[in-house]
Amino acid sequence: MEALVVRRLGDPTVAPGEESSPFAGVFGGHPVPELSSPTAVRVRVAATSLNFATFLQVQGKYQERPPLPFVPGSDYAGVIDAVGPGVRGLHPGDRVCSFAGLGSFADFIVAEEKQLFLVPDGCDLVAAGALPVAFGTSHLALVHRAQLKAGQVLLVLGAAGGVGVSAVQIGKVCGAVVIAVARGIEKLQYLKSIGADHVIDSSKDNVVGSAKSFLKARGLKGADVLYDPVGGKLTQDSLKLLNWGAHILVIGFASGDVPVIRANIALVKNWTIHGLYWGSYLTHEPRVLIDSLNELLLWLSKGLITVQISHRYRLAEVSNIDQLSSLVRSLLLVTRVSCFFFLSQNFS
């Protein structure tokens, strides 16, 4: 089968063929994974997404560092190719989606039956492949941890990124008033189109001033939930907008700067600060994660949420050095400023 292989840790934007490139390229002779247990399922991958976590993994900067060489990739969707003798609820030909620590940038991937989710009729497989990590992160953060309620104010930083876009949509499904912060007119227009009540261009607007003007016009005091995948100065400024009793969701640090939230201020303001490492739920509270993804798939099937896909490539297209270099450079771009980027396989 074909698979994208990382041979060493390094800068994902360095083209294959150069000495320092982390990529060995796309190999057509990679072994097809065998069913590893009686309850294992092999999936022929239809689509897999690029996430910020993938970019960090290739650099060796993610929370977990896999042994080399490895096939990267996290969330994916596809069609079941084979099942183990102990599998009861899934069958060859079923459409499923899931997520993995590694391995989805390949024609096939093996997972346990309990880790797979049936994709409802009417859901596009490529869209389903983008759902688990980005939308899963935002759903657990907003619905499970912050318990966002109708009428509350949600402030989303980095709102045009993958998790940001999902947070805006989930906020609207919950009935919240959503303030979305991003960079550039095109991104702001897109955020308005998916329901953001107020958008702020952080590259030129005063974030605090713009948000306060909007809140005053609506007769609102401040934000009840801060969704923060950015960090840095933007976080520090946003704290000025939070209500007493607000929830702060620490999602990541795309700015590269880990902010300091002073404990004495959190005490006086009765703030709750939530760290959110989505993948760890599979180990510590798998039922919560399973229920979350099933609800998201239901929302997707009903059209309550949509997946914006910015680019599509076939795995075979990146076997060429120039094309693979373009792919990984796009990954760097997408993790910082875009919505979704997809590697889409062709299968029949």
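The analysis underlying the following values was restricted to heavy atoms, covering all of them including side chains, and did not include hydrogens, waters or symmetry mates.
- One distance of note links CD of Gln115 with CD of Glu113; it measures 10.5 Å at 0.5 Å rounding.
- Note on Val173 and Leu142: same hydrophobic cluster, where clusters join Ile, Leu, Val, Met, Phe, Trp and Tyr whose side-chain heavy atoms are under 4.5 Å apart, directly or indirectly.
- Atom CG of Leu249 is separated from atom CG of Leu226 by 7.5 Å, given to the nearest 0.5 angstrom.
- Remark: the backbone N or O of Leu234 is paired with a side-chain donor or acceptor of Ser238 at under 3.5 angstrom.
- Counting non-hydrogen atoms of neighbouring residues, nucleotides and ligands closer than 6.0 angstrom, the CG atom of Asn270 exceeds 12 such neighbours.
- Salt bridge status for Asp197 with Lys172: present, with a side-chain N to carboxylate O gap under 4.0 Å.
- Paired with Asn294 under the rule side-chain contact (heavy atoms from CB on, under 4.5 Å), one option of Leu296, Ile290, Leu298 passes, and it is Ile290.
- Between Trp299 and His139 the shortest side-chain heavy-atom distance falls below 4.5 Å.
- Between Tyr277 and Tyr62, the ring planes lie perpendicular to each other; the angle is over 60°, past the 30° to 60° tilted range.
- The shortest side-chain heavy-atom distance between Leu276 and His274 does not fall under the 4.5 Å cut-off.
- A heavy-atom distance below 4.5 Å is not found between the side chains of Phe135 and Asp75.
- With hydrophobic clusters built from ILVMFWY side chains whose heavy atoms lie under 4.5 angstrom apart, Tyr76 shares a cluster with Val41.
- Checking side-chain atoms of Thr137 against main-chain N and O of Val133 turns up a donor-acceptor pair under 3.5 Å.
- Closest of all the heavy-atom pairs between Ala266 and Ile273 is CB-CD1, 4.3 Å.
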Set out, in order, the CA-CA distance, both residues' side-chain angles and the distance that settles side-chain contact (heavy atoms from CB on, under 4.5 Å) for Leu118 and Val96, then state yes or no. CA-CA 4 Å; Leu118 283 169; Val96 294; 4.1 Å; yes
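- For the side-chain contact (heavy atoms from CB on, under 4.5 Å) with Gln152, the qualifying choice from Asp224, Val178, Asn243 is Asp224, the only one to do so.
- Considering only heavy atoms from C-beta on, Cys97 comes within 4.5 Å of Leu297 through its side chain.
- Under a 3.5 Å cut-off, the side chain of Thr39 and the backbone N or O of Val87 do not form any donor-acceptor pair.
- Across every non-hydrogen atom of Val119 and Cys123, the tightest pair is CG1-CB, 3.5 Å.
- With hydrogens and angles ignored, the 3.5 Å screen pairs no side-chain donor or acceptor of Ser203 with any backbone N or O of Arg183.
- Side-chain atoms of Arg42 never come within 3.5 Å of backbone atoms of Leu35 as a donor-acceptor pair (strictly under, hydrogens ignored).
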side-chain contact (heavy atoms from CB on, under 4.5 Å) between Phe214 and Ile200, intermediate numbers included: CA-CA 10 Å; Phe214 168 77; Ile200 303 172; over 6 Å; no
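- Here CG of Leu293 is found 9.5 Å from CG of Asp291. Values are rounded to the nearest 0.5 Å.
- In terms of heavy atoms, Leu241 sits closest to Lys212 at CD2-CG, 3.6 Å.
- Formation of a donor-acceptor pair under 3.5 Å by the Gln57 side chain with backbone atoms of Gly101 is found in this model.
- Taking all atoms of both residues into account, the shortest heavy-atom contact from Val32 to Met1 is CG2-CB, 4.0 Å.
- In this structure, Lys149 places its NZ atom where more than 12 heavy-atom neighbours from other residues, nucleotides or ligands lie under 6.0 Å away.
- Judged by distance alone, with hydrogens and angles left aside, the side-chain atoms of Arg145 form a donor-acceptor pair with the main-chain N or O of Gly275 at under 3.5 Å.
- To the nearest 0.5 Å, atom CZ of residue Arg95 and atom CG of residue Leu125 are 4.5 Å apart.
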Check the pair Asp228 / Thr235 against side-chain hydrogen bond (donor to acceptor under 3.5 Å, both in side chains), numbers first and verdict last. CA-CA 7 Å; Asp228 182 16; Thr235 301; 2.4 Å; yes
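- Taking all atoms of both residues into account, the shortest heavy-atom contact from Leu215 to Gly222 is CD1-CA, 3.7 Å.
- Of the possible donor and acceptor atoms, one in the side chain of Ser138 sits under 3.5 Å from a partner among the backbone N and O of Val163.
- Hydrophobic clustering (ILVMFWY, side-chain heavy atoms < 4.5 Å, transitive): Tyr190 and Val199 are in one cluster.
- Pairing each heavy atom of Glu112 with each of Ser37, the nearest pair is OE2-OG, 2.6 Å.
- Under a hydrophobic clustering in which Ile, Leu, Val, Met, Phe, Trp and Tyr are joined whenever their side-chain heavy atoms come within less than 4.5 Å, directly or via other members, Ile179 and Leu188 fall into different clusters.
- A single hydrophobic cluster is seen to contain both Val177 and Leu157, as judged by linkage of ILVMFWY side chains at heavy-atom distances under 4.5 Å, directly or through other members.
- Side-chain atoms of Ser166 come within 3.5 Å of backbone N or O of Ala134 as a donor-acceptor pair.
- You'll find the side chain of Tyr227 stays beyond 4.5 Å of the side chain of Val168, heavy atoms only.
- Ring geometry for His144 against Tyr281 counts as perpendicular: the plane angle is over 60°, on a 0 to 90° scale with 30° as the lower cut.
- The only option from Val58, Leu102, Val71, Thr54 that meets the side-chain contact (heavy atoms from CB on, under 4.5 Å) definition with Val6 turns out to be Val58.
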Could you walk me through whether Cys174 and Val143 satisfy the side-chain contact (heavy atoms from CB on, under 4.5 Å) test, starting with their C-alpha distance in whole Å, then the side-chain angles of each, then the deciding distance to 0.1 Å, before giving a yes or no? CA-CA 8 Å; Cys174 293; Val143 177; 3.9 Å; yes
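- The main-chain N or O of Glu2 is found under 3.5 Å from a side-chain atom of Asp107 such that the two form a donor-acceptor pair.
- Here the side chains of Leu9 and Arg65 are in contact, with some heavy-atom distance below 4.5 Å.
- Rounding to the nearest 0.5 Å places CG of Leu148 at 10.0 Å from CD1 of Ile170.
- Note that CD of Gln236 is 10.0 Å distant from CZ of Arg262, once rounded to the nearest 0.5 Å.
- For the pair Ile261/Ile248, a side-chain contact is recorded, criterion being any heavy-atom separation below 4.5 Å from C-beta on.
- Electrostatic pairing of Arg44 and Asp81 does not count as a salt bridge here, judged by no charged N lying under 4.0 Å from a carboxylate O.
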Can you check side-chain contact (heavy atoms from CB on, under 4.5 Å) on Leu131 and Phe117, steps first, answer last? CA-CA 11 Å; Leu131 203 70; Phe117 299 83; over 6 Å; no
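- Taking the side chain as every heavy atom from C-beta outward, Pro120 and Leu300 never approach each other to under 4.5 Å.
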